[in-house]
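Reading through the structure tokens given below for one structure.
Below, chain A is the first sequence line, B the second, and so on; all start at residue 1.
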2 protein chains.
Amino acid sequence: MAVSPKNPFGAYIREKRESLRKKDRRFSLRQVAARIGVEPSYLSKVERGENAPLSEEKIKLLARELDEDQDVLLALCGKIGADVQEVIRKRPLLFARLIRDLKNAPDHAVLRILREVRDGKW
Amino acid sequence: MAVSPKNPFGAYIREKRESLRKKDRRFSLRQVAARIGVEPSYLSKVERGENAPLSEEKIKLLARELDEDQDVLLALCGKIGADVQEVIRKRPLLFARLIRDLKNAPDHAVLRILREVRDGKW
DNA sequence: TAAACTGTATACCACACAGTACACGAAAAG
DNA sequence: CTTTTCGTGTACTGTGTGGTATACAGTTTA
């Protein structure tokens with residue numbers, strides 16, 4: 001196992017960036033790197049999956065830049081947004097249990113709960 | 001601000017351990033440290049809040065040892081269990097949104113949802 | 001064809017994390 | 001009163017995180 005793990009995040013954003021680039025030259029690696037505030041060489045490593053972690057802040061900027069969902073990109077990096085974490089940490093007994101109980105629930109069940117909550121059912 | 005931040009985790013487990021120790025001498029710092037697998041000097045630093053982080057594994061062992069809830073102790077350390085994190089990372093669109101929407105929900109509302117889920121309402 | 005721009009290779013960095021190893025003086029137990 | 005146990009002070013360690021700085025060759029662009 002001398003080969004690197006190659007998490008899918010790098011490949012994913014590279015593909016998305018290059019697809020945007022076909023329509024707009026401002027989506028070169030260098031220019032995107034400049035807009036999210038990292039060195040081009042570093043974003044290059046990120047896109048090639050060379051174990052170059054991005055901070056939550058940079059991931060969010062990148063999500064805005066590439067028109068992707070920030071939670072999805074964070075998840076691809078093995079992270080969870082600090083705001084979401086805070087909700088859980090403030091009431092761990094309630095939320096840790098709720099999430100574990102929903103682990104195997106099908107999407108439509110979670111969606112139904114989401115809608116209930118959004119309808120202000122409390 | 002030369003004083004350390006003193007997060008409440010250390011004080012909390014120290015109090016709990018010393019309370020158990022009054023009834024059972026096996027709850028000395030040294031013996032508890034041995035049972036959870038760290039050096040006594042390190043647990044000492046932990047209990048005094050000297051910026052000595054415990055790994056998730058050790059926190060769980062400590063929770064069992066002190067008869068505390070693991071999610072609560074993890075939360076006091078600013079952490080969230082890896083199993084809970086995994087649930088969110090596998091379906092970030094659903095779970096990140098659900099948790100954010102429940103951020104300001106009162107306990108009883110979350111509890112009601114918990115009961116619904118446990119009653120197998122999907 | 002010269003200038004600008006592109007992606008990447010290499011070297012380096014500070015700090016956080018999660019500890020170990022050992023010595024010490026005080027207290028408790030025998 | 002000696003031995004054991006106790007909590008703590010100090011020094012050190014390897015790995016992960018989150019990057020910067022610079023140089024370089026290939027490709028566009030004017």
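- The side chain of A:Arg17 places an N or O atom within less than 4.0 Å of a non-bridging phosphate oxygen (OP1 or OP2) of C:dG7.
- Of all nucleotides listed (D:dG18, D:dT8, D:dA23), D:dT8 comes nearest to the side chain of B:Ser44.
- Taking atom CZ on A:Arg30 and atom P on D:dT22, their separation rounds to 13 Å, with Å as the unit.
- The closest side-chain heavy-atom distance from B:Leu98 to A:Leu102 is below 4.5 Å.
- Between A:Arg14 and A:Glu47, at least one side-chain N (NZ, or NE/NH1/NH2) sits under 4.0 Å from a carboxylate O, which counts as a salt bridge.
- Of the candidate nucleotides D:dT17, C:dC17, C:dT8, D:dT17 has the atom lying nearest to any side-chain atom of A:Pro53.
- The side chain of A:Arg48 lies closest to C:dT8, out of C:dG7, D:dT8, C:dT8.
- We find that CD of A:Glu47 is positioned 13 Å from P of C:dA9, with the value rounded to whole Å.
- Among the atoms of the strands shown, only primed sugar atoms or phosphate atoms (P, OP1, OP2) are found under 4.0 Å from some heavy atom of A:Gln31.
- Electrostatic pairing of A:Arg100 and B:Asp71 counts as a salt bridge here, judged by a charged N lying under 4.0 Å from a carboxylate O.
- Listed candidates were D:dG9, C:dT8, C:dA23. Nearest to the side chain of B:Ser41 is D:dG9.
- Distance from the side chain of B:Val38 is smallest for C:dT20 among the nucleotides C:dT20, C:dG7, D:dT8.
- Rounded to an integer number of Å, the gap from CG of B:Asn7 to C1' of C:dC17 is 14 Å.
- C:dT6 atom P lies 10 Å from atom CZ of A:Arg35, rounded to whole Å.
- Of the candidates D:dA21, D:dG7, C:dT8, the closest approach to any side-chain atom of A:Glu39 belongs to D:dA21.
- Distance OH (B:Tyr42) to P (D:dT10): 17 Å, rounded to an integer number of Å.
- The shortest non-hydrogen separation linking B:Cys77 to B:Ile59 is SG-CD1, 3.7 Å.
- Side-chain nitrogen and oxygen atoms of A:Lys79 include at least one within less than 4.0 Å of the OP1 or OP2 phosphate oxygen of D:dG18.
- At the phosphate of D:dT17, neither OP1 nor OP2 sits under 4.0 Å from any side-chain N or O atom of A:Ser55.
- Each of B:Lys45 and B:Arg21 has a nearest nucleotide on DNA chain D; the 5'-most of these lies closest to B:Arg21.
- One interatomic measurement links the two molecules: CG of B:Leu54 to P of C:dA18, which rounds to 9 Å at whole-angstrom precision.
- In this structure, B:Arg26 atom CZ and D:dT5 atom C1' are separated by 15 Å, rounded to whole Å.
- Note on B:Lys16 versus B:Glu68: salt bridge recorded, some NZ/NE/NH1/NH2 to OD/OE distance being below 4.0 Å.
- Taking atom CG on A:Leu74 and atom P on D:dG18, their separation rounds to 11 Å, with Å as the unit.
- Between B:Ser28 and the phosphate of D:dT5, there is no side-chain N or O to OP1/OP2 separation shorter than 4.0 Å.
- Across all strands, B:Leu43 comes closer than 4.0 Å to no nucleic acid atom at all (heavy-atom distances).
- Proximity of B:Arg14 to the phosphate of D:dT8: a side-chain N or O atom is located under 4.0 Å from OP1 or OP2.
- B:Glu18 and B:Lys22 are not joined by a salt bridge, as no carboxylate oxygen comes within less than 4.0 angstrom of a charged side-chain nitrogen.
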